[in-house]
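To start, the structure itself, in structure tokens.
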Amino acid sequence: GAGVSQTPSNKVTEKGKYVELRCDPISGHTALYWYRQSLGQGPEFLIYFQGTGAADDSGLPNDRFFAVRPEGSVSTLKIQRTERGDSAVYLCASSLWENQPQHFGDGTRLSIL
Amino acid sequence: KNEVEQSPQNLTAQEGEFITINCSYSVGISALHWLQQHPGGGIVSLFMLSSGKKKHGRLIATINIQEKHSSLHITASHPRDSAVYICAVTRATSGSRLTFGEGTQLTVNP
């Protein structure tokens, strides 16, 4: 497909577990963004990559959250020692360059029991 | 106070009505985005603008940089326009990350 792909679409896990969320951006897009959306609210920024490097990780809430993009394409958002408050929809977006329209994936709905 | 505020929070209209959703922001921006989110989560970018006005089909977006205000208009509304409409900005000092408003839930009844 030509769009941004996120897997899994749903993830249910127990408090304290480790989770990985994957994002496949549109081919050729250099910028990749992670956002988090809680129910009834607008998305909040987590981190964005330009190429392989994190250009801005100031939105990561604490050191349990980490993201990588080792080859400048696929990105993985990693959450350690999950807490119930981490439950949200995690959205990934990509754009051709910085400051271009962003294309969003359908999100991963994460539920921490 | 949120940096990006939208009004109204909820809007119900009858099919065919002209709709306006407003967005005000309090920071310097490089661009303003209007996004559409359907139930189930998928977000689609409608417009990205930094000045003036853009039109796509029945949708029109305007921005007044001096007043830090933007509007999204929908002409001849249709039930399929029912969705959450989100205003977001790229701040002039924060690269290309988006700062979002809380969205406007639009319901268009037949």
Side-chain angles (χ1 to χ4, degrees), chain A residues 1-6 8-11 21 23 25-26 29-51 53-60 67 88-111, chain B residues 1-10 21-25 27-51 54 56 59 61 70 72 83-106:
Chain A
V4 177
S5 175
Q6 290 188 247
S9 55
N10 284 282
K11 176 73 176 178
L21 311 179
C23 174
I26 293 172
H29 279 197
T30 64
L32 185 147
Y33 308 82
W34 284 100
Y35 300 96
R36 178 168 74 171
Q37 186 174 27
S38 299
L39 193 62
Q41 298 183 13
E44 293 179 318
F45 170 76
L46 295 175
I47 184 171
Y48 90 87
F49 293 87
Q50 179 59 41
D56 182 351
D57 65 358
S58 63
L60 295 177
V89 176
Y90 289 79
L91 295 164
C92 177
S94 70
S95 62
L96 188 58
W97 296 102
E98 291 184 287
N99 294 311
Q100 295 292 308
Q102 296 182 22
H103 300 260
F104 285 79
D106 288 339
T108 293
R109 183 174 300 276
L110 178 63
S111 300
Chain B
K1 190 178 188 306
N2 292 339
E3 293 178 344
V4 181
E5 296 209 335
Q6 291 183 233
S7 64
Q9 237 180 333
N10 293 280
I21 299 171
N22 295 298
C23 176
S24 296
Y25 53 92
V27 294
I29 68 168
S30 55
L32 184 140
H33 304 248
W34 282 103
L35 309 161
Q36 181 191 57
Q37 185 170 31
H38 279 284
I43 293 178
V44 174
S45 178
L46 299 175
F47 296 103
M48 176 179 169
L49 64 167
S50 54
S51 65
K54 286 190 176 181
H56 185 256
L59 302 179
S70 175
L72 176 68
V84 175
Y85 291 84
I86 304 174
C87 173
V89 301
T90 46
R91 288 151 64 187
T93 56
S94 299
S96 56
R97 58 184 276 189
L98 293 178
T99 301
F100 296 83
E102 299 213 344
T104 295
Q105 173 69 61
L106 171 65

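Chain letters run A, B, ... following the sequence lines, proteins first, then strands; residues in each count from 1.
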When [options] are compared by non-hydrogen pairs under 4.5 Å with chain B, the top option:
options: Ser9(A), Gly42(A), Gly40(A); value: Gly42(A)
options: Ala31(A), Pro43(A), Gly107(A), Pro101(A); value: Pro43(A)
options: Glu44(A), His103(A), Gln100(A); value: Gln100(A)

[X] and [Y]: side-chain donor and acceptor closer than 3.5 Å?
X: Trp34(B); Y: Ser45(B); result: no
X: Gln102(A); Y: Tyr35(A); result: yes
X: Thr90(B); Y: Ser96(B); result: no

Side chain, backbone, both or neither of Ile86(B) within contact of chain A (heavy atoms, under 4.5 Å): side chain
Aromatic ring proximity, centroids under 6.0 angstrom, Tyr33(A) and Phe49(A): no
Please look at [X] and chain B and tell me whether the side chain, the backbone, both or neither of the residue comes under 4.5 angstrom of a heavy atom of that chain.
X: Gln50(A); value: neither
X: Ser58(A); value: side chain
X: Asp56(A); value: side chain

Backbone N/O of Gly103(B) and side chain of Gln41(A): donor-acceptor pair under 3.5 Å: no
Which atom of Cys87(B) lies closest to which atom of Leu32(B), heavy atoms considered: SG-CD1, 3.8 Å
